[in-house]
Amino acid sequence: MRGRYSLAVYLTGATVARTGDELSGPALLLLGIGVDGSAATGSALLAGLTISAAAGGPLLGALLDRSPRPGRVLAWALLAYAGGLGAVLALVEIPAAIVVAVAAGLLNPALAGGWTAQLPNVRGTTPLPRASTLDAMTFTAASLAGPGLAGLVAAYADAPAAVALAITLVVAAFPAAWSLPAAEAKPARPIRRQLADGFAVLFRNRALLRATATSTVSFAGIGVAVVCYPLLGAQRLGNPGFGALLLTVLAAASLVANAVLARRPPPPDRTVLVSTVLLGASFLLAATGQGVVTLLAAAVLAGFAEGPQLSALFAIRHREAPAAVRAQVFTTAASVKITGLAAGAAAAGPLSALSVTAALCAAAGCQLLAAATYVLVRTSGRTRTPSPARAA
């Protein structure tokens, strides 16, 4: 009972915090637009919040690994992230607000990898693959609820109210993070040595390296597609809102796919490759499709691929990462993926200005490149679960 309750608290806290995170991006975008009417200001705030994640992830993960009470570190990181969002909201000068957004973005991996790294300690009797799938579903639920809440609150109140709601949700997850169980005692090591050990695991473990490299390239393509969907709705369906609706369909299909696979998750390594290929096929279908039915089918196919891909990544990291550097592996891999997504979104601007079809073909090309990366970064020998001695 205690294990199930702990997992339920974990999933609830993760969903609330990640919904606040998914809400904060669109809310800052709308906040920047409302300041001077320029989309460039809003995109600068959003880019500032995401671009620094790669720098903050490794150090945050190392601090979580070193702490006997990682939940306390995670809780303070959430509070600091919420404080950063509050500072952006309070500032009037845009350059200073962007600097604060960059500083807050350093803590963004806490909402992704920082939570997920604690899953083995709270899953109780739930098998780890099933728990990983349930954890991935919190991301999908957040991606469904967050942008919608941002749009509704901004429409009926204003953009600052949407940012305030994001702050409230992140702070509301504080008790769930604070109450996470204590970790086993670990020998004290210099922080530089611990950071080096974490990076060594990521680069020397072929399964981890393959999953991280594949998902990063894949997420660059997803970043391109996310920007293209509203433009696709405007060009082929007559309204950019229909393009945003396609993103909602994608997230809903992702949630359904993971709900179906939660009982009997497929082999994670193979799932990473298959889902990447399916994502490429979905983007090609969106690039060439004209009717509503075809575009909806492309969005559903993308969701059926994106959800299981995320679950498979979590399962591989839990299986391969030693306990001593687990949080660092998760936060570093999450921050690299966030950076890939941001790079794809940035490249989508000039690509979509030339042609939305060409941009979606580039998104599909990223998936093919990701699949090629998976094949090239081969695992030497059979992948095994680390033994306690190897983990130590």
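For clarity, every value in this text was computed on a predicted model and none was experimentally measured. Below, all heavy atoms of this structure are taken into account, side chains as well, without hydrogens, waters or symmetry copies.
Residues satisfying the side-chain contact (heavy atoms from CB on, under 4.5 Å) test with Thr212, not counting sequence neighbours, are Leu202, Thr216, Ala333. Under the ring pair (Phe, Tyr, Trp, His ring centres under 6.0 Å) criterion, Phe304 pairs with no residue at all, not counting sequence neighbours. Applying the salt bridge (Lys or Arg N to Asp or Glu O under 4.0 Å) test to Asp158 and every residue at least two apart in sequence or in another chain returns nothing. The side-chain contact (heavy atoms from CB on, under 4.5 Å) check on Val274 picks up Arg270, Leu278, with sequence neighbours excluded. Under the salt bridge (Lys or Arg N to Asp or Glu O under 4.0 Å) criterion, Arg204 pairs with no residue, sequence neighbours left out.
Note that the OH atom of Tyr374 and the OG atom of Ser275 stand 9.5 Å from one another [nearest 0.5 Å]. If you take CG on Leu301 and CG on Leu279, they are separated by 8.0 Å, rounding to the nearest 0.5 Å. Asp269 CG to Arg319 CZ: the interatomic distance, rounded to the nearest 0.5 Å, is 4.0 Å. To the nearest 0.5 Å, atom OG of residue Ser143 and atom CG of residue Leu250 are 8.0 Å apart. Note that the CG atom of Leu7 and the OG1 atom of Thr126 stand 5.0 Å from one another [nearest 0.5 Å]. For the atom pair Leu107 CG and Leu59 CG, the distance stands at 9.5 Å (nearest 0.5 Å).
Looking only at distances, a side-chain donor or acceptor of Ser179 sits under 3.5 Å from a matching main-chain atom of Ala176. Of the possible donor and acceptor atoms, one in the side chain of Thr331 sits under 3.5 Å from a partner among the backbone N and O of Gly57. With hydrogens and angles disregarded, no donor-acceptor distance shorter than 3.5 Å links the side chain of Ser67 to the backbone of Leu64.
Side-chain contact annotation: Asp65 with Gln328, donor-acceptor N/O pair under 3.5 Å absent. One side chain, Glu306 or Ser254, offers a donor N or O that lies under 3.5 Å from an acceptor on the other. Counting only N and O atoms by type, the side chains of Ser218 and Gln309 include a donor and acceptor under 3.5 Å apart. Using modelled atom types, one finds no donor on one side chain facing an acceptor on the other under 3.5 Å when comparing Asn258 with Thr133. With 3.5 Å as the limit, one finds a donor-acceptor pair spanning the side chains of Thr357 and Arg236.
Looking at every heavy atom in both residues, Leu60 comes nearest to Ala77 through CD1-CB, 4.3 Å. Across every non-hydrogen atom of Pro265 and Arg130, the tightest pair is CG-N, 4.0 Å.
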Legend entry - Verdict with reasoning, Leu28 to Leu85, per side chain to side chain contact (heavy atoms under 4.5 Å, CB included): CA-CA 9 Å; Leu28 286 183; Leu85 293 177; 4.2 Å; yes
Inset, instruction - Just do the side chain to side chain contact (heavy atoms under 4.5 Å, CB included) check on Met137 and Leu134 with the steps written out, would you? - result: CA-CA 5 Å; Met137 290 172 68; Leu134 294 173; 4.1 Å; yes
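In this structure, Arg192 does not pair ionically with Asp197, as no charged nitrogen and carboxylate oxygen lie closer than 4.0 Å.
Counting only residues at least two apart or on different chains, the ring pair (Phe, Tyr, Trp, His ring centres under 6.0 Å) pairs with a member in residues 96-151 are Tyr10-Trp115, Phe139-Phe314.
In this structure, Trp76 and Phe174 have perpendicular ring planes: the angle between them is above 60°, well past the 30° mark.
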